[in-house]
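I have placed the structure first, in the form of structure tokens, so that the comments after it can refer back to it.
For this chain, numbers begin at 1 and follow the sequence in order.
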Amino acid sequence: MIVPKIIVNNKEVEIEEGMTVLQACELAGAEIPRFCYHERLSIVGNCRMCLVEMEKSPKPIASCAMPATDGMKIKTNTPLVEKARKGVMKFLLANHPLDCPVCDQGGECDLQDQSLFYGHDSSRYTENKRQVKEKYMGPLIKTEMTRCIHCTRCVRFASEIAGIPELGAIGRGEDTEITTYLEKSMESELSANVIDLCPVGALTSKPYAFEARSWELKKTETIDVMDAVGSNIRVDTYGWEVKRILPRVNEDINEEWISDKTRYACDGLLKQRLDTPYIRENGKLQKSSWDKALRLLISKLKLFNSNEVAGLVGDLADLEMIYSFKSFFEKCIGSKNFECRQDRIYINPFERMNYIFNSTINGIEDSDFILLVGTNPRLEATILNARIRKAYIKNRLKIYSIGDPGDLTYPYINLASNTSLIRAIAYGTHEISEKIKKSNKPMIIIGESALYGETGKYIFETLKYFLSKNNFIKENWNALNILTQQASRVGAIDLGVHSINETENFSFFNKLDNDEFRFLYLLGADNICFDKKDKFIVYQGSHGDKGAEIADIILPGAAYTEKNGLFVNLEGKLQTAYKASYPPGDAREDWVIFNDLANMMKKPLDYNNIQSLQESIKKNIQLKINNQINKNNIINFVNDNISIKSIDYYYTNSIARSSKVMNECRQISKKFLFTGIEKAS
């Protein structure tokens, strides 16, 4: 096979079929300036900044739009190329306002950087600069459209990646304007990624406006916890205050996108914070010291039998919190009444593949058939939904759904909403069964809405049995996928924080409903619903949320940006979050609190520093990965409807509920919802 080659600046490089000249030049080590071109967006050739010289071409060519072919001779550093680029830059700056000192893009602006090399010190244009009216794009995006150079990155992102074609260009020539047409807020959960894409500061962050300069910020690479995807992010802090969150590139997980909730819920880290211990006295919470609060907790523990003491792990807990919590319960209290679920969602914890996304997020692009079962990935895992949309555009694969999730930004076929369809698929009496069997790499994605109670047990075990029987659960491709919503869930199951045995899956909740627990320890658990009655409740967490409202003792912990921690994402990948700031006031890291409690009870835990704690965690997870039991359960048919539970997207956890920006987004989304209902009626 002949490998095509191209010569760039007298250097020969091998290229792949379908590459552009710009990509070939970068392979050769030549730097090509660009504004409109982006690796993940379609090619339009708007800006003409990427001009290069090609042999036998009478004029410079736009390298981003020209396919690279064998034998091409390209030059990127000739006087002709430099003159052409300078001419383009002169046109781009003809109408650009000279407001770099007050522009939030300053220091991170592509136009600023490239004008340093290709800009002139004076302009020949004597006409008045044009001025463009500002556009309203919602509470997240601040517009300064006079700066816009019409690269259309934002337009292409909205229509291609986000799947919400809300942005477009109107007018012609100098009168061209980028707009949302009706001057309304963008409805996509990925909308703020256009801020990162904008090369000139026409679209900037509204909550971050005039807060800080990029060079003043301390940058920490860490992990997001707003959902179970585990998006890679960068936390920028000024002093010890989190000013903004930006995406990091990780091709296997989030590529270079993050959801709006990941990006903007960070202002909730400052509000409703617990910064000192509290004790409830005479029906009111009073400030206390750590010593007094911990001694009261220990004295209360002595009043109850170990089987009357229970604990719940919240959605944002890192592995250090979870492991130290479990160790404290087992060694110091002698209780195994702990749980990582806050509702009756069926889990089979005896094999790791039973509760993770086995096909992986990156594997979605290789799939040729997707069946969604009781899930709305757009709200449950926004980044994963964007990957499904990418796979649909790339492969034109068929997507089916059991249960109606609403608009997912890509077309799908809604089959039905009853478990009888699951039975028909398993028995091979439904056409979908044959479609799955004929697929090379099918994916069945089961959401939490399909896993409630005994119905969830039937759905999961039946689909697993069907896939196993048809050889779709194997080492190189496992079609069984569970879409969890909580950042802590997979890691907690890995570490055995559940009260599940072979015969009973919901024993913890049965005991809770029957008032068998008299002492309840809530570790950042804010979404559990139960009747308090005469229970003594300890709440340990970072925010004064639902759990703190009913607590008798409150112990202030650290938020995810205020400590080093391990997280396992929904596909079972272990990732490390790093400390970007410090907990406020007297708040402590959570594993330290359990360590202090154990030492006060004269029952020290097996570790006394973060390093030994993390080593123990990694050993436990590795044991779980190695200890796989291939077991299939056949469950009696349960006739029930599969309804997808509604999600209050902007209020899913205590940090988001404390965020002013998330509250604004929620109000706007509700407004859209009610407007849509009125129009439909």
In plain terms, say whether [X] and [Y] are close enough for a salt bridge, that is, a side-chain N and a carboxylate O under 4.0 Å apart.
X	Y	value
Glu308	Arg518	yes
Asp104	Arg213	no
Asp494	Lys618	no
Asp606	Lys331	yes
Glu330	Lys336	yes

**OP:** Assert yes or no for the condition that the ring centre distance of Phe508 to Phe517 is strictly below 6.0 Å.
**Re:** yes
Original post:
What about the rings of Tyr323 and Trp591, do their centers lie closer together than 6.0 Å?
Top reply: no
Subject >> Ring-face cation of Arg244 near Tyr208 (centre distance under 6.0 Å, axis angle within 45°) >> reply: yes
Subject >> Charged tip of Lys579 within 45° of Tyr560 ring normal and under 6.0 Å >> reply: no
[Y] and [X], any side-chain heavy atoms less than 4.5 Å apart:
X	Y	result
Asp252	Lys573	yes
Thr204	Gln105	yes
Met137	Leu203	yes
Tyr264	Ser205	yes
Ile223	Ile233	no

Original post:
Is it true that atom OH of Tyr136 has more than 12 heavy atoms of other residues, nucleotides or ligands lying nearer than 6.0 Å?
Top reply: yes
Original post:
For the side chain of Lys535 and the backbone of Asp531, is there at least one donor-acceptor N/O pair under 3.5 Å apart?
Top reply: yes
Original post:
Which heavy atom of Asn609 sits nearest a heavy atom of Ser612, and at what distance?
Top reply: OD1-N, 2.8 Å
Please list every donor-acceptor pair under 3.5 Å in which a side-chain atom of residues 293-302 meets a protein atom from a residue at least two apart or in another chain.
{"from": "Arg295", "atom 1": "NE", "to": "Asp291", "atom 2": "OD1", "distance (Å)": "3.2"}
{"from": "Arg295", "atom 1": "NE", "to": "Asp291", "atom 2": "OD2", "distance (Å)": "3.1"}
{"from": "Ser299", "atom 1": "OG", "to": "Arg295", "atom 2": "O", "distance (Å)": "3.3"}
{"from": "Ser299", "atom 1": "OG", "to": "Leu296", "atom 2": "O", "distance (Å)": "2.7"}

